[in-house]
Structure formats: structure tokens, C-alpha cells
A.B. asks: 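The following block contains the structure, expressed as C-alpha cells.
Remember, it's 1-based here, ligands and their atoms both numbered in the order they're listed.
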Amino acid sequence: MNQAPRMGETHGAVPQLVRSVVLIGLMGAGKTSVGLRLAAALGVRAIDSDHEIERVSALTIPEIFERYGEPEFRALERRVLSRLMNETPSVISAGGGAFMNPKTRAVIRRRGISVWLRADLDLLVSRTAGRTHRPLLNQGNPRKILAGLIDERYPVYGEADITVDSAPGQTHEDMAAKIIEALLAHGRAVGER
Ligand code: S3P
């Protein structure tokens, strides 16, 4: 029988997910890369909500913003995440703005477990530098934009079930291991409450 291990009983075993783990955080926090490592370690599917939005719309994120505007992108993001939250337990890397939507937040809270990858401004600036696929960061000085988003979003991200700090020099594997430890301690993702 495949039972979820309890704290202190894992001996390197992986917990069996009973609900999806949703990685949230700002652009550059490492949600997609850490999500892939975490999903591999847990033996579940890794899904990136932005990739899913691009797949269903057959457009890139910049194209959606350009042709239909941010509100349409947000509507699509909300629909895609609600659907994903009804599917088999997976690791879902959510776009940075997804958790800001109250309905999306509610569905994640009800059906999943949220993990905030918290990173400071310098780390986010260095990780997003030179990338052009994020429409919000192409609208001015990325440092200023990210600083504004930290002020606006971090109080809301703080409602996540679990917070894990992302530090420079930490590998994606380190982050995945920290998340697994936190998931086991929290219990809800592995069916303990
Ligand atoms: C956004 C983050 C992006 C993407 C879109 C908007 C945001 O995803 O969804 O460009 O509002 O923070 P990542 O956080 O995966 O870069």
C-alpha cells in the first residue's frame, strides 16, 4: 500500500501528494525550474500555468498582452488555474500574478497547497535581466517595476500555506528538498490533515 510517510519516517522516501502543490512568487523566483525538480522528486506531473495558457490559446504571453490586453490574460489565467486545480495532484508553477486574483487564491486554498518562493529584489532583478518574454517588465525600469510588485504582492503572497526563501547560490535541487521538508512538516499536501 502506498501510504504517505509521516514526519521522521521518510528515510529518503518521497511523500505521496494528495493535492496539488502550487508554486507562487514573483517573476524570477524560480517557480518553473524548481517546479520541474520538485515534480521529478515527487514523481508527479510538472505544469507551468503560463505554458498551459500558451498551449490553449496558441499564442505566446506577449502576444496575448499585445492583442487582447492584460485583463484578458488574467481571465484566461484564472480559468486555466481553476481547471488545473481539478486535475490529478501535480506541481503547478503559477504565473506571478495568478495568486493575486481572489477567486484563484480561493480555489488554490480549497484544493491545493500554496508554496511561496520568496526572493529579494536583487535576486529577482538578476534572474530576470536580459529576458524579454515578460510583458510587465518591458514597460520601464525592471528594478522599479519589481520593487513596486514586491510592495503590492508580498503581503498577499504571505497568505500562502508555506513560504520558502530563495537565496543566491542555492540550487533548484536545494529548493526542491526544502519544499519537500516543509510539505511533510505541514502535512496537508500528503494527506495528514
Ligand atoms: C506575470 C508573470 C509571468 C506571466 C506574465 C505576468 C506577473 O509569469 O504570467 O508575464 O504578473 O507577475 P512568471 O512569474 O512565471 O514569469
A.B. asks: Do me a favour and list the nearest non-hydrogen protein atom to atom 15 (O) of ligand 1 with residue, atom name and distance?
C.D. replies: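 Residue, atom and distance for the closest contact: D50 OD2, 3.2 Å.
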A.B. asks: Taking 4.0 angstrom as the limit and counting only heavy atoms of P135, give me the atoms of ligand 1 inside it, by number and element.
C.D. replies: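 Listed by number with element: 10 (O).
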A.B. asks: Quick one: list whatever passes salt bridge (charged side-chain N to carboxylate O under 4.0 Å, His left out) with R83, sequence neighbours left out.
C.D. replies: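 Only E52, E87 meet the salt bridge (charged side-chain N to carboxylate O under 4.0 Å, His left out) criterion with R83.
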A.B. asks: Check this for me: does any side-chain nitrogen of one of R109 and E159 sit under 4.0 Å from a carboxylate oxygen of the other?
C.D. replies: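 Here R109 pairs with E159 in a salt bridge, since their nearest N and O are under 4.0 Å apart.
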A.B. asks: What protein heavy atom sits nearest atom 12 (O) of ligand 1, and how far away is it?
C.D. replies: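 Checked against all protein heavy atoms, atom 12 (O) of ligand 1 sits closest to R153 NH1, 2.7 Å.
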A.B. asks: So P142 and V125, do their side chains get closer than 4.5 Å, heavy atoms only?
C.D. replies: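 In short, these two side chains do not touch, never coming nearer than 4.5 Å.
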A.B. asks: With heavy atoms of K31 as the reference, note each atom of ligand 1 found under 4.0 Å away.
C.D. replies: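 Answer for ligand 1: 13 (P), 14 (O), 15 (O).
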A.B. asks: At a non-hydrogen distance cut-off of under 4.0 Å, which region of H133 contacts ligand 1 (side chain, backbone, both, or neither)?
C.D. replies: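 The answer is neither; H133 stays 4.0 Å or more away.
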A.B. asks: Considering non-hydrogen atoms of the protein only, which is the closest contact for atom 16 (O) of ligand 1, and what is the distance?
C.D. replies: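 I find the closest protein heavy atom is R134 NE, 2.6 Å.
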A.B. asks: Within the 4.0 Å heavy-atom shell around L136, which atoms of ligand 1 are there?
C.D. replies: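 Answer, ordered by atom number: 7 (C), 11 (O).
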A.B. asks: Considering residues at least two apart in sequence or located in another chain, which fulfil the side-chain hydrogen bond (donor to acceptor under 3.5 Å, both in side chains) criterion with D122?
C.D. replies: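 Here the qualifying residues are R143.
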A.B. asks: Could you report the tightest heavy-atom contact between S93 and G35, atom names first, then the distance?
C.D. replies: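 Scanning both residues completely, I find the closest heavy atoms to be OG-CA, 3.8 Å.
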A.B. asks: Which of the numbered atoms in ligand 1 are below 4.0 angstrom from a heavy atom of G97?
C.D. replies: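 Those of ligand 1 that fall under 4.0 Å from G97 are 7 (C), 11 (O), 12 (O).
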A.B. asks: Only heavy atoms of R74, strictly under 4.0 Å: list the atoms of ligand 1 that pass.
C.D. replies: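 In order of number, 6 (C), 7 (C), 11 (O).
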A.B. asks: Which option out of G96, P62, A98 puts a heavy atom nearest to atom 1 (C) of ligand 1?
C.D. replies: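 Nearest option to atom 1 (C) of ligand 1, by heavy atoms: G96.
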A.B. asks: Can you tell me if E63 has over 12 outside heavy atoms packed within less than 6.0 Å of its CD?
C.D. replies: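 Above 12, so yes.
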A.B. asks: Verify, without hydrogens or angle tests, whether R67 (side chain) and L59 (backbone) share a donor-acceptor contact under 3.5 angstrom.
C.D. replies: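 Looks like no, no N/O pair under 3.5 Å.
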